[in-house]
Amino acid sequence: MPTSTAASCVNSPLTLAIRAAADQGRPRRAIALYVSSFRSDAAAHRSCPFALAAVLKSVSRLPAHALAAASFHAHLLRLGLLAHPYPHAALAHLYSRDHPDAARSLLDETPPAGARSAHSLLVSRNSLLASLLRSGDLPAARALFDQMPVRDVVSWNSMVAGLAKAGRLDCAIELFHQMPERNAASWNAVMCGLIAHGHLARAREWFEQMPVRSNVSWITMISGYAKAGDVQAAASLFERMENQNDLYAWNAMIACYGQNGCAREAISVFIRMLKPHICVLPNEKTFSSVISACSQLGNLRFGLWVESFMCSLGIELDDHLRTALVDLYTKSGRIDNAFKLFRGLRTRDVVSYSAMIVGCGMNGKLSEAIGLFKEMSDAKIVPNAVTFVGLLSAYNHAGLMEEARACFAFMSSKYNIRPSMEHYTIMVDLLGRSGKLDEAFQLIMKMPMQPHASVWGALLLACRLHTNVELGEMVASKCFELAPGESGYYILLGNIYAQANKWDKVKSLRKTMMEMGLSKMPGSSWVQAA
DNA sequence: ATAGGGTTAG
């Protein structure tokens, strides 16, 4: 009987190692440990139900496990452990994600046995319920929930969370009020649904009313503000949070800054988190955000330090992290390194392809960019706006006007992607530098959004290149208007005047700059340019 | 000890 082996194997090195790996969120390691036990003489240990439960839990965390569930089912059957409550519940969980029917028949036809079986059955049903909710089958979930002879707070929470996420907020709240017992997760479930459906203010009220808040409550609220771009609100909640040692909270705050264009703040939060009185170590998620922030700032030196620090912590490179590093490396011109990282990805998706294509575009690798685009199309990965930023900038770099124009048109006609500010900027730059100043100007006028100073700036650069004083003055006035205090545009206009030998204009422009307090010019001198 | 709530890349 399973119980007799259980007593002897609970603390066996194999079981402990597998459980430790599973608890640390290293499912592949847990599975590898179990598999390797077949090469040694450890038959008694590898039939430990607790080890198997941990292995099954790990398998369920891996992406594709349809086949694994059936083979573990057979394995458990052969070991005579199928009826043991823990592996049984873990198997039901494994099945439940992709094969709810198989999970259901396991529960109905091969119920667990022994003292803990009633509770195990509840756990298994909760798994099944969660998977039905995940797959969006609300009626089936509701039916299961109603049929369950025993429900606990997890069952209720799952149901409330499922309804709330599906947008059935009123239903969710009604069910919430019917709960016989509530914990922080119950409140979180409703709050999470409110956030997901754009009711940030209501979510905040809900948050403030909670009798007990868990870390998850804080983090859910912080990331809600992060996604809505309210960095201030997120930051003030983060500062109010008492538990300084929750890695998720640090990660949420760093990501919040990084995703909202506050890369500098992201880095300073990261540095704060490394202070000795904060007892958390950054993980791969932290580093993904931090490396992205370094990349945004163009701070490659710090980025490379971060990378070496990360290696010293023994962090394994996952796909997100590799993609962030691809971005960092391409920005520092280490395109070969970037390619190596890219080729080492476990799975390539639109994000990693786009990072690599943008990197090629930036480094003038047109044929590589096109090759990657073909490759991703063949793999049926649908390009997005960022992918086209990369392609267009590759064409821009190579000065290929017609190809870029075709690409720009193709982007909307075939993929239905509305060109963004960035796409327009690249097109204006390319048109302008090819001498098609009028066409570039017309394109700006046709933009459906208010052009940024940088778009006009690209045209201003072209005016200098082609010494067009008349258009240059007009364009520069747009730049001054949209980015007051930005001395670079004054300098560009000054360069145009100098090239055209309009020294009186140079003089009066300089006077204006002095008056505006813009006299400090970085590096360039327009006298030299003349 | 098995179930539910949160954080990552262009």
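Letters A, B, ... are given to chains in the order of the sequence lines, protein chains preceding strands, and every chain is numbered from 1.
Taking every heavy atom of residues 234-251 of chain A and every atom of DNA chain B, pairs under 4.0 Å involve A/Asp246, A/Tyr248, A/Asn251, by number. Applying a 4.0 Å cut-off to non-hydrogen atoms, the residues of residues 133-155 of chain A that approach DNA chain B are A/Asp152, A/Val154, listed by residue number. Using a 4.0 Å cutoff on non-hydrogen atoms, the parts of residues 340-363 of chain A near DNA chain B are A/Asp349, A/Val351, A/Ser354, A/Ala355, ordered by number.
Considering only residues two or more places apart in sequence or on other chains, A/His320 meets the side-chain contact (heavy atoms from CB on, under 4.5 Å) condition with A/Ser288, A/Asp318. For A/Phe342, the ring-ring contact (aromatic ring centres under 6.0 Å, His included) test picks out A/Tyr353, with sequence neighbours left out. Shown here are the side-chain contact (heavy atoms from CB on, under 4.5 Å) partners of A/Lys165, two or more places apart in sequence or in another chain: A/Cys192. Residues forming a side chain to side chain donor-acceptor pair (under 3.5 Å) with A/Ser214 (at least two apart in sequence, or on another chain): A/Asn188, A/Ser217. Looking at residues two or more places apart in sequence or on another chain, you find a side-chain contact (heavy atoms from CB on, under 4.5 Å) between A/Ala249 and A/Ile219, A/Phe238, A/Met241, A/Asp246. Not counting sequence neighbours, the partners of A/Ala141 by the side-chain contact (heavy atoms from CB on, under 4.5 Å) test are A/Leu129, A/Leu132, A/Leu133, A/Met159.
For the salt bridge (charged side-chain N to carboxylate O under 4.0 Å, His left out) condition, the pairs that include at least one residue of residues 373-396 of chain A, sequence neighbours left out, are A/Arg343-A/Glu375. Applying the salt bridge (charged side-chain N to carboxylate O under 4.0 Å, His left out) definition to pairs two or more places apart or across chains, those involving residues 323-336 of chain A are A/Asp327-A/Lys331.
Taking the side chain as every heavy atom from C-beta outward, A/His88 and A/Leu107 approach each other to under 4.5 Å.
Within a 6.0 Å sphere centred on CZ of A/Arg418, heavy atoms belonging to other residues, nucleotides or ligands number 12 at most. Counting heavy atoms of neighbouring residues, nucleotides and ligands inside a 6.0 Å radius, atom CG of A/Asn416 does not exceed 12 of them.
Protein chain A contacts DNA chain B from B/dA1 to B/dG10, reading 5' to 3' and using non-hydrogen atoms of the protein with a distance under 4.0 Å.
Among the protein residues, A/Ala161 comes within range of no part of the nucleic acid, since none of its heavy atoms lies under 4.0 Å from any strand. Among the heavy atoms of the strands lying under 4.0 Å from A/Gln259 are primed sugar atoms or P, OP1, OP2 only; no base atom is included.
The pair A/Asp146-A/Arg142 meets the salt-bridge criterion, since a charged nitrogen lies less than 4.0 angstrom from a carboxylate oxygen.
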